[in-house]
2 protein chains.
Amino acid sequence: MVTLKGIAKELGVSHTLVSRVISGRMGTTRVSESTRQAILKRAKELDFQPNRLAMALQEGRKGVVGLFLHRIGTPGSEMSHLFANIASNMLDEYGDRLMLRYFRNKDDFEKFCSPGIKNQVDGLIVGGVPHPEMASILADYDRSGLPVICAFHNVDILANLPNFQVDHSMQACLATKHLLEQGCRRLAHFYVMPGRQAGFLQAHEELGITPDPSLYIQAKQYHYEDGRECMQRLMDSGIQYDGIVTDSDGQAAGALNLWFQRTGRLSDWPRITGVDNSPIATSCLVPLTSVTSEVEETARAAVMALYDKRAGKEPQSALLTPKLVVRESSTRSQFD
Amino acid sequence: MVTLKGIAKELGVSHTLVSRVISGRMGTTRVSESTRQAILKRAKELDFQPNRLAMALQEGRKGVVGLFLHRIGTPGSEMSHLFANIASNMLDEYGDRLMLRYFRNKDDFEKFCSPGIKNQVDGLIVGGVPHPEMASILADYDRSGLPVICAFHNVDILANLPNFQVDHSMQACLATKHLLEQGCRRLAHFYVMPGRQAGFLQAHEELGITPDPSLYIQAKQYHYEDGRECMQRLMDSGIQYDGIVTDSDGQAAGALNLWFQRTGRLSDWPRITGVDNSPIATSCLVPLTSVTSEVEETARAAVMALYDKRAGKEPQSALLTPKLVVRESSTRSQFD
DNA sequence: CTGAAAGCGCTTACAG
DNA sequence: CTGAAAGCGCTTACAG
């Protein structure tokens with residue numbers, strides 16, 4: 001194991017000097033160019049990598065960032081994977097290690113949290129939607145000096161922590177507008193949280209079309225089965241509709257599949273949109289028109305915000321802008 | 001920030017004693033029960049958590065495990081997510097931090113590897129299938145004293161490192177047998193690596209049925225489009241077939257969807273099986289019969305093996321046993 | 001131009 | 001029964 005001291009001994013200088021040359025932080029020091037070169041050369045030859053534990057210990061850091069992740073998105077959407085992927089690779093580039101914990105519910109989360117966590121990490125990034133009580137625990141940490149950044153949280157339970165996520169309302173608005181522009185006039189809306197309807201309504205308003213509240217159908221979750229169930233209810237109701245705005249790709253896939261199965265037809269399906277632009281969207285019988293959830297950008301923003309905060313800045317929450325991705329589910333072009 | 005020294009000062013004892021009481025490693029020491037209780041009580045009150053950096057530094061460890069992950073499985077299968085999820089939560093329970101790096105190709109991987117990595121981690125878990133050269137780099141690390149454990153590697157490029165993965169041949173065998181038992185007699189096989197055919201052939205042999213080599217169709221990858229493409233070729237060939245064993249849920253979904261689209265029929269599809277038992281399998285128009293890839297078990301085995309190795313044991317590679325999960329794609333029960 | 005010393009928060013022989 | 005001391009591998013005033 002190659003250390004500063006080892007290199008110093010080899011070259012007959014002090015480890016102090018080696019440290020300064022390698023870190024580039026010379027302080028009041030001015031080294032002769034020749035020893036500088038000698039040190040750098042030897043360090044490179046030995047692929048010297050400073051022991052980050054020792055560095056962090058000395059500098060009063062932990063060298064560790066806590067990444068607490070709730071499932072984001074519906075199964076098959078790969079959103080959690082994408083988030084962890086981007087975030088962990090970024091933290092790695094900053095030289096920080098990870099305390100990575102996946103939690104499924106409030107109990108898991110509470111198990112992960114204790115005041116002593118400040119002895120373990122330099123900051124916390126929490127992804128996913130916890131209960132309001134969790135938010136207040138996190139806010140306490142933050143106030144006590146442990147920087148906390150959130151991502152994909154439900155804005156109203158945030159307790160003033162910086163949060164990054166896609167603009168949900170705009171997602172619904174983009175999808176709704178698109179379907180209205182395709183000629184739909186009686187759109188159903190599968191939604192999970194009532195708040196999500198703002199975008200659906202806004203799109204109607206902007207185009208001067210009046211939506212029919214009897215076509216608002218509340219879903220339990222964002223999953224495939226939830227889409228099937230909503231579709232079941234919609235078809236059973238007998239109410240006329242000519243398109244559907246759903247809250248996730250999983251829901252849209254479930255809804256479409258139920259329709260195919262009940263009607264036995266592979267054409268003239270109701271125009272429909274998903275959310276997330278996940279792998280689900282491209283592996284449906286009919287590829288799904290969807291809106292992005294900007295997961296990579298969210299991860300990047302959250303990590304940057306954490307380092308900003310550690311550097312003394314006050315990062316601001318942000319809503320990222322979704323993009324519409326048009327595929328056959330809404331255009332009904334014929335099969336190849 | 002609460003430290004040993006802080007507690008020691010409060011109680012008027014040495015930090016040495018506090019350390020021994022809290023760690024439970026008393027050595028030659030024998031403490032009075034009353035001071036022991038006092039120390040434990042105060043530590044609990046303050047939620048004292050020892051600084052793991054300092055512990056690791058002292059004990060000559062890094063307190064960090066490298067987790068290098070290639071994508072496992074097809075997009076939408078969530079296998080990478082599952083693997084990272086289980087592995088990271090386990091490592092966390094052992095108190096180790098993570099150096100988590102996702103790599104997409106050989107270049108990424110090489111960027112992540114340097115001899116100096118021994119200064120950063122106590123061990124390496126590598127998931128996914130790298131090139132043979134990567135395997136030999138890893139084997140070098142292992143020989144030089146950095147324990148390396150593999151998961152989901154292609155066995156022939158392993159260079160004697162312990163590896164954990166599901167038994168691919170048995171996966172194909174289970175699926176093939178199941179289809180033969182459903183009455184199929186002319187099975188097509190969509191396969192990626194030639195080696196995977198062993199199970200397909202074994203199943204035929206065990207049931208005394210002769211397969212037709214003109215129904216072996218090689219796929220580029222495990223993805224949805226690959227399944228579509230293989231199905232395209234199969235249908236174009238005009239050769240008779242009555243069932244399909246594919247190499248992934250993505251392939252199976254793609255193949256089925258192409259069939260529905262080309263025939264316009266929603267019944268009498270060719271009986272078909274996938275692999276991975278992923279979310280894709282349950283969000284198809286027809287739920288897919290599949291075989292599990294035992295990702296959780298693989299992750300657990302890999303992590304356990306790493307700790308075994310660090311404890312001086314010699315962990316042995318293992319092939320985990322897949323399970324068949326029967327759904328409609330192979331039974332063709334009617335739609336609800 | 002360079003080095004000795006102190007210290008980050010622990011652990012573990014060693015000494016009393 | 002308990003503590004002083006040394007040391008893990010670094011960094012950073014401070015002194016020459």
Side-chain angles (χ1 to χ4, degrees), chain A residues 1-40 43 46-64 95-97 116-122, chain B residues 1-40 43 46-64 95-97 116-122:
Chain A
M1 200 123 300
V2 35
T3 65
L4 284 185
K5 225 193 237 169
I7 296 181
K9 190 168 290 173
E10 275 194 42
L11 300 179
V13 296
S14 73
H15 67 279
T16 306
L17 194 58
V18 179
S19 165
R20 284 192 282 224
V21 166
I22 285 172
S23 71
R25 285 175 286 199
M26 301 302 290
T28 66
T29 310
R30 218 162 321 284
V31 205
S32 71
E33 190 55 22
S34 62
T35 35
R36 212 179 79 87
Q37 291 303 336
I39 289 171
L40 290 176
L46 297 171
D47 192 35
F48 169 71
Q49 308 219 6
N51 184 327
R52 310 199 77 99
L53 272 66
M55 281 176 64
L57 182 59
Q58 166 60 34
E59 292 169 6
R61 297 179 294 112
K62 299 287 172 278
V64 178
D96 273 321
R97 303 313 178 212
I117 198 159
K118 285 180 66 177
N119 251 6
Q120 310 291 354
V121 299
D122 298 317
Chain B
M1 198 124 298
V2 37
T3 66
L4 285 185
K5 226 193 239 170
I7 297 180
K9 189 167 293 176
E10 275 194 42
L11 300 177
V13 296
S14 72
H15 67 280
T16 307
L17 194 60
V18 178
S19 165
R20 285 192 282 225
V21 166
I22 284 172
S23 71
R25 285 175 287 200
M26 302 301 291
T28 65
T29 309
R30 217 161 320 285
V31 206
S32 72
E33 190 55 21
S34 62
T35 35
R36 212 180 78 86
Q37 291 303 338
I39 289 170
L40 290 175
L46 297 172
D47 192 36
F48 169 71
Q49 307 219 9
N51 184 328
R52 309 200 77 99
L53 272 67
M55 282 176 62
L57 181 61
Q58 166 60 33
E59 292 170 5
R61 296 179 294 111
K62 298 288 172 280
V64 179
D96 274 321
R97 302 314 177 211
I117 197 159
K118 285 181 65 176
N119 252 6
Q120 309 291 354
V121 299
D122 298 318

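Within every chain, numbering begins at 1; the chains are lettered A, B, ... in the order of the sequence lines, protein sequences first and strands thereafter.
In this structure, the CD atom of A/Glu59 is 11 Å from the P atom of D/dA13, given to the nearest Å. A straight line from CG of A/Leu17 to C1' of D/dG16 spans 15 Å, rounded to a whole angstrom. A/Leu11 places its CG atom 12 Å from the P atom of C/dT2, with the value rounded to the nearest Å. In this structure, the CE atom of B/Met55 is 16 Å from the C1' atom of D/dG7, given to the nearest Å. Atom CZ of B/Arg20 is separated from atom P of C/dT11 by 11 Å (rounded to the nearest Å). Atom-to-atom, CG of A/Leu57 to C1' of C/dC10 comes out at 8 Å; the value is rounded to the nearest Å. For A/Ile7 and C/dG3, the CD1 to C1' distance is 17 Å, given to the nearest whole Å. Put simply, CD1 on A/Ile22 is 9 Å from P on D/dT11, counting in whole angstrom units.
Listed pair B/Ser19 / C/dT11 meets the phosphate criterion, a side-chain N or O lying under 4.0 Å from OP1 or OP2. OP1 or OP2 of C/dA4 has not a single side-chain nitrogen or oxygen of A/Thr16 nearer than 4.0 Å. Side-chain N/O atoms of A/Arg52 include none lying less than 4.0 angstrom from OP1 or OP2 on D/dC10.
Distance CD1/A/Ile39 to CD/A/Glu10: 11.5 Å, rounded to 0.5 Å.
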Bracket string, DNA chain C, 5' to 3' - pairs by Watson-Crick or G-U geometry under 3.5 Å, | interstrand: |||.||||||||.|||
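Of the listed nucleotides (C/dG9, C/dG3, D/dG9), C/dG9 has the atom at the smallest distance from the side chain of B/Ala54.
Comparing the P positions of C/dC1 and D/dC10 gives a spacing of 27 Å, expressed to the nearest Å. With both ends at atom P, the span from C/dG7 to D/dA4 equals 16 Å, rounded to whole Å.
With the nearest nucleotide of DNA chain D identified for both A/Gln49 and B/Thr35, B/Thr35 has the one nearer the 5' end. With the nearest nucleotide of DNA chain D identified for both A/Gln58 and A/Lys5, A/Lys5 has the one nearer the 5' end.
Residues passing the side chain to side chain contact (heavy atoms under 4.5 Å, CB included) test with B/Thr16 are B/Ser14, B/Arg20, sequence neighbours excluded.
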